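Please read the structure below before turning to the comments.
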Number of protein chains: 2
Amino acid sequence: MQNALPENASVLVIDDHPLFRKGVLELLASTPHLKPAGEADTGEKGVELAHRLQPDLILLDLHMRSGQDGIATLRKMRAEGIEARIIVLTVSDAPRDLVDAMRSGADGYLLKDTDPELMLHYLQESLYGKTVLSEGLAQMLVSTLSQDPGGPIRQLADLTDRETTILYCLSQGLSNKMIARELDIMESTVKVHIRNLLKKLKFHSRVEAAVWAVSQGVSSR
Amino acid sequence: MQNALPENASVLVIDDHPLFRKGVLELLASTPHLKPAGEADTGEKGVELAHRLQPDLILLDLHMRSGQDGIATLRKMRAEGIEARIIVLTVSDAPRDLVDAMRSGADGYLLKDTDPELMLHYLQESLYGKTVLSEGLAQMLVSTLSQDPGGPIRQLADLTDRETTILYCLSQGLSNKMIARELDIMESTVKVHIRNLLKKLKFHSRVEAAVWAVSQGVSSR
DNA sequence: TGGTTCGTACCTCCATCGTGGTATTTCACA
DNA sequence: TGTGAAATACCACGATGGAGGTACGAACCA
């Protein structure tokens, strides 16, 4: 990042939506100081291209249908020593996504509905070393954190596979009996898993866990 | 629809993402038989433009941040006699969105991550009068319907103000005791409201109601 | 005036849930 | 080879939730 070149910087676009890539690439192509370096429709290809093309800037989609998602891709890149500026480009304004992205080494977080002119401005700012966030996100982040001072930080990662599966069932509104039937185990076992996941996630009831799971988009493993 | 012109058809794009509009419009511009008629970033402007430009085909985003959303826009257009082919273009593969769109008068439902070539193919098919659905959606729709034949149509509107308030509390994961404290009424009264709303919405438990409420974005009245 | 809806409150009864244990098997890892 | 984590299963008990009922006052409307 220390050697970012604001003049004629190359940009790699990683997004699984061909039409959106098209829009971004055209925008880049029509701009003097930026040039499209390449595009990828999955995280895996993106990492590979990042190594090969050594772009100055990487635009990365968060939620991609196939293969690893944006966060995993981002972590992989940083782990493998890629030092390009990386800006997450997404439709999600969920605090969780923003926090995850910034913690995983993103240099910016922009919403896809950003005006193209503003987007270009952000990209330039980023190449100069600034951290860029779409309007309102910084404030949202602050208010989210300040609303819940020292509140528990719940982490899906703390759960075992089985607990995650059962949390998913909870988020579908299933009763213990139904979960037991679904997974073909005893209801007593279901209770044990629920007890453990409630403890880990610091919830007081299945309802709290269920609505949280929905907001996290928990899926079965 | 009966007078669709597959040759040199004009297309209106309604989407609140500038870059995505850019991608779509460029795709259209580079295609012989289609020409961009205009673009709008809100449903309201879209309806207005649809009247003024009389396009042959309208591409409509479902979830737009500001103003009326895609479904409302679609219904308004049909109600006001707009006969253009209307294809919903969205990231959502939720059965509910698909069903709502088709019931509201859409002629097609395509996912935004569709390959551009395939997208063009679909647009042509639509102009010839065919109903177009992205791959897998038709099957998903069928399986959804067959899983749940004549399944209940839940309507927030059926609830009284008090029930809505309590449903909101449920969606926050509160227990009956907590709801009673929050609203300063007896726990027994809370139970009555919950019983009534469960009955109206045809749910079997508070958890089902809570996760549904979250997905509906229920807010307190 | 009478009928209806809504919100409130109380009651009982039984199912479900949550918490506290203990115990066994399997599997990976040191 | 032992150790620990994970998943399974069972028991018991108290708390919570859901279904059924009745009742009363306020607001509204015909």
Side-chain angles (χ1 to χ4, degrees), chain A residues 151-216 218-221, chain B residues 151-216 218-221:
Chain A
I153 300 162
R154 301 181 215 281
Q155 287 235 264
L156 211 48
D158 294 343
L159 301 185
T160 67
D161 281 8
R162 206 49 162 171
E163 286 160 358
T164 307
T165 302
I166 286 191
L167 179 58
Y168 171 74
C169 293
L170 277 185
S171 78
Q172 303 297 105
L174 299 185
S175 65
N176 291 347
K177 197 169 291 189
M178 293 303 293
I179 297 173
R181 202 170 300 165
E182 186 82 15
L183 302 179
D184 198 29
I185 55 179
M186 290 289 102
E187 192 184 336
S188 55
T189 307
V190 174
K191 283 187 169 191
V192 172
H193 289 308
I194 289 183
R195 187 163 74 222
N196 293 337
L197 74 85
L198 287 181
K199 190 165 203 169
K200 283 185 185 175
L201 298 175
K202 299 197 169 63
F203 285 122
H204 301 98
S205 74
R206 65 199 291 108
V207 191
E208 290 178 8
V211 301
W212 179 78
V214 170
S215 77
Q216 296 294 303
V218 170
S219 58
S220 178
R221 283 200 199 167
Chain B
I153 300 161
R154 302 182 212 282
Q155 287 234 265
L156 209 48
D158 294 343
L159 301 186
T160 66
D161 280 8
R162 205 51 164 168
E163 286 160 357
T164 307
T165 302
I166 286 191
L167 179 58
Y168 171 74
C169 293
L170 276 186
S171 77
Q172 303 295 107
L174 299 185
S175 66
N176 291 347
K177 198 169 289 188
M178 294 303 293
I179 296 173
R181 202 170 300 166
E182 184 80 24
L183 303 179
D184 198 29
I185 53 178
M186 289 289 103
E187 193 184 335
S188 55
T189 307
V190 174
K191 283 187 170 190
V192 173
H193 289 308
I194 288 184
R195 188 165 72 228
N196 292 338
L197 74 86
L198 287 181
K199 191 164 202 168
K200 283 185 185 175
L201 297 175
K202 299 195 170 64
F203 284 121
H204 300 98
S205 74
R206 66 199 291 106
V207 190
E208 290 179 8
V211 301
W212 179 79
V214 170
S215 76
Q216 296 293 306
V218 170
S219 58
S220 179
R221 283 201 198 167

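Bear in mind that the values here come from a model prediction, so they are computed numbers and not experimental data. By convention in this document, chain letters (A, B, ...) are assigned in the order of the sequence lines, proteins followed by strands, and residues within each chain are numbered from 1.
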Worksheet item: Below 4.5 Å, heavy atoms only, C-beta onward: do Arg181(A) and Leu174(A) meet side chain to side chain?
Response: no

Worksheet entry | Length of the line joining Glu163(B):CD and dT8(C):P, which is rounded to integer Å | 11 Å

Worksheet item: Tell me: CG of Leu198(B) to P of dA15(C), nearest whole Å?
Response: 18 Å

Fill in: Side-chain N,O (Lys199(B)) to OP1/OP2 (dA19(D)) below 4.0 Å
no

Worksheet item: Considering heavy-atom distances to DNA chain D, does Ser188(A) or Lys200(A) have its closest nucleotide positioned more toward the 5' end?
Response: Lys200(A)

Worksheet item: So which nucleotide from dT19(C), dG21(D), dC10(C) ends up closest to the side chain of Arg195(B)?
Response: dG21(D)

Worksheet item: Just wondering, more than 12 heavy atoms not from Glu187(B) lying within 6.0 Å of its CD?
Response: yes

Practice prompt. Could you check which of dG7(C), dG18(D), dA9(D) has an atom nearest any side-chain atom of Thr160(B)?
Written response: dG7(C)

Worksheet entry | Protein-nucleotide distance (His193(A), atom NE2; dC10(D), atom P), rounded to Å | 13 Å

Worksheet item: Between Arg206(B) (CZ) and dG18(D) (C1'), how many Å, whole number?
Response: 9 Å

Worksheet entry | Out of dC10(C), dA19(D), dG17(D), whichever nucleotide has its closest atom nearest the side chain of Val192(B) | dC10(C)

Worksheet item: Under 4.0 Å between a side-chain N/O of Asn176(A) and OP1 or OP2 of dC17(C), yes or no?
Response: yes

Item to complete: Measure from the side-chain heavy atoms of Met186(A) and tell me the nearest of dG18(C), dC17(C), dA9(D).
Response: dA9(D)

Worksheet, complete the sentence: From the candidates dT8(C), dA9(D), dG17(D), the one with an atom nearest any side-chain atom of Thr189(A) is dA9(D)

Item to complete: Measure the distance from CG on Asn196(A) to P on dA7(D) and round it to the nearest whole Å.
Response: 9 Å

Fill in: Considering all heavy atoms, the nearest Leu167(B)-Ala209(B) contact
CD1-O, 3.8 Å

Item to complete: Return the value, rounded to whole Å, for the distance between atom CZ of Arg162(B) and atom C1' of dA9(C).
Response: 13 Å

Fill in: Residue pair Val207(A), Leu170(B): steps toward the side chain to side chain contact (heavy atoms under 4.5 Å, CB included) verdict
CA-CA 8 Å; Val207(A) 191; Leu170(B) 276 186; 5.5 Å; no

Item to complete: Identify whether any heavy atom of Lys191(B) sits under 4.0 Å from a base atom; if not, whether one sits that close to sugar-phosphate; answer base, sugar-phosphate or nothing.
Response: base

Worksheet item: Could you state the CG-P distance from Asp161(A) to dA7(D), rounded to the nearest angstrom?
Response: 7 Å

Discussion item. Show the nearest heavy-atom pair for residues Ser205(B) and Gly173(A), with the distance to one decimal.
Written reply: OG-O, 4.0 Å

Worksheet item: Within this structure, what is the CG-to-P distance between Leu183(A) and dA9(D), rounded to whole angstrom?
Response: 11 Å

